[in-house]
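Chain identifiers are assigned alphabetically (A, B, ...) following the order of the sequence lines, protein sequences preceding nucleic acid strands; residue numbering begins at 1 within each chain.
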Protein chains: 2
Amino acid sequence: MDIIFREKLQEKGLKVTPQRVAIYEAIVKLNNHPTAENVIDYIKENHPNISVGTVYNVLDSLVENTLLKKVKTEKDIMRYDAILSNHHHLYCAETDRIEDYVDEKLNNLINEYFEANKIKNFKVQDIKLQITGKFNNNIKS
Amino acid sequence: MDIIFREKLQEKGLKVTPQRVAIYEAIVKLNNHPTAENVIDYIKENHPNISVGTVYNVLDSLVENTLLKKVKTEKDIMRYDAILSNHHHLYCAETDRIEDYVDEKLNNLINEYFEANKIKNFKVQDIKLQITGKFNNNIKS
DNA sequence: TACACAATGATAATCATTCTTATTTAGGAA
DNA sequence: TTCCTAAATAAGAATGATTATCATTGTGTA
Ligand SMILES: [Mn+2]
Ligand SMILES: [Mn+2]
Ligand SMILES: [Zn+2]
Ligand SMILES: [Zn+2]
């Protein structure tokens with residue numbers, strides 16, 4: 001499971017620390033784009049002495065090394081995503097609810113489009129759709 | 001020019017104040033997705049007594065009334081956009097540079113796609129592409 | 001096992017944003 | 001035009017997510 005994560009840390013030249021492992025596991029387990037605070041709350045049970053600054057530092061360095069991604073919302077709080085495969089987000093500004101939107105056909109459509117229509121003076125690294133609107137239910141699909 | 005803006009304020013039931021006009025004009029003139037601080041700095045010259053809280057309040061209420069839009073970036077600072085027509089953004093995370101990306105053909109493609117492929121349990125209000133990458137020059141096109 | 005340096009914990013500082021409250025003002029009514 | 005009142009603003013304090021500082025600890029390596 002997280003043997004892979006440990007290996008990735010080593011590849012990137014980052015030391016394997018219990019904090020890094022715990023934080024990464026928290027993001028994976030929490031699963032719905034948690035905030036730093038969500039991570040801290042979750043980790044505190046098994047890891048009561050973790051420091052707030054450490055959580056922010058670890059999150060930053062994992063993003064920096066592409067082991068996590070940032071997820072931006074309307075709110076003044078950053079959220080994080082352990083799913084690195086190309087996917088998009090459904091977002092409701094009223095409730096700040098986020099759900100993943102995976103659609104390989106759409107990804108292909110967009111990739112083909114930009115293959116045929118290059119953007120001048122810009123090298124694309126990542127294209128992500130922010131789909132804003134309203135959910136019709138309260139149940140996580 | 002901003003006669004239209006004054007009319008829009010009235011339509012929405014918002015009073016036409018010098019602050020609101022100045023802030024809106026600043027966003028339009030600054031033109032590249034300014035922050036609240038950019039707006040304050042710009043306005044201070046002609047309007048030295050404007051209050052920081054007022055700028056945030058006005059920006060919020062203009063967004064609320066769809067006279068402006070928020071633009072999210074990797075950074076912990078909100079930016080604002082006076083261009084309401086459907087367009088996307090080229091964004092470089094390293095330099096925090098943003099440029100508009102207008103592409104009607106792409107908009108049609110995406111609209112058609114979601115027309116044919118409805119998202120279950122979600123009513124789409126807005127779809128925006130966040131195109132992350134690197135600019136090849138320093139000149140504003 | 002020892003060492004060097006990266007990482008962490010504790011805590012203070014930062015700073016974009018929000019809140020509070022007294023004062024001012026836009027705009028409708030008289 | 002003048003009055004009135006709710007809405008808006010100015011000033012400054014407070015908030016809270018994030019960042020910085022620095023002494024201590026721990027990982028990976030020799
Ligand atoms: Mn912030
Ligand atoms: Mn904040
Ligand atoms: Zn996601
Ligand atoms: Zn724009």
Checking contacts here: which listed nucleotide ([options]) is nearest the side-chain heavy atoms of [X]?
X       : options                : answer
B/Met78 : C/dT17, C/dG9, D/dG28  : C/dT17
B/Asp60 : C/dT18, C/dG9, D/dG26  : C/dT18
B/Ile50 : D/dA10, C/dA16, D/dT27 : D/dA10

* **Sugar-phosphate, base or nothing in reach of A/Thr17, heavy atoms under 4.0 Å** => sugar-phosphate
Rounded to whole angstroms, how far apart are [atom1] on [X] and [atom2] on [N]?
X       : N      : atom1 : atom2 : result
B/Ile77 : C/dT18 : CD1   : C1'   : 16 Å
A/Lys70 : D/dT18 : NZ    : C1'   : 10 Å
A/Leu14 : D/dG26 : CG    : P     : 19 Å
A/Asn49 : D/dT24 : CG    : C1'   : 14 Å
A/Asn65 : C/dA6  : CG    : P     : 14 Å
A/Ile40 : C/dT11 : CD1   : P     : 15 Å
A/Lys15 : D/dT25 : NZ    : P     : 16 Å
B/Leu59 : D/dT9  : CG    : C1'   : 14 Å

* Asked: What residues, two or more places apart in sequence or in another chain, satisfy side-chain hydrogen bond (donor to acceptor under 3.5 Å, both in side chains) together with B/Lys72?
  -> A/Glu74
* **Phosphate OP1/OP2 of C/dT8: any A/Ser51 side-chain N/O under 4.0 Å** => no
* Asked: Does OP1 or OP2 of D/dA10 have a side-chain N or O of B/Gln19 closer than 4.0 Å?
  -> yes
* To do: Identify the heavy atoms of B/Ile50 and B/Lys44 that sit nearest to each other, and give their distance.
  => O-CE, 3.9 Å
* Mapping A/Pro18 and B/Tyr56 to their closest nucleotides on DNA chain C, which lands nearer the 5' end? -> A/Pro18
* To do: Report the residue (A/Val52 or B/Asn57) whose heavy-atom-nearest nucleotide on DNA chain C is the more 5′ of the two.
  => A/Val52
* **Pair B/Glu94 + B/Arg97: basic N to acidic O under 4.0 Å** => no
* **Salt bridge flag under 4.0 Å for residues A/Lys8 and A/Asp2** => no
* Asked: Will you find, in the side chains of B/His87 and B/Asn107, an N or O donor that is under 3.5 Å from an N or O acceptor?
  -> no
* Asked: Which residue lies toward the 5' end of DNA chain D, A/Glu37 or A/Gly53, if each is placed at its nearest nucleotide?
  -> A/Glu37
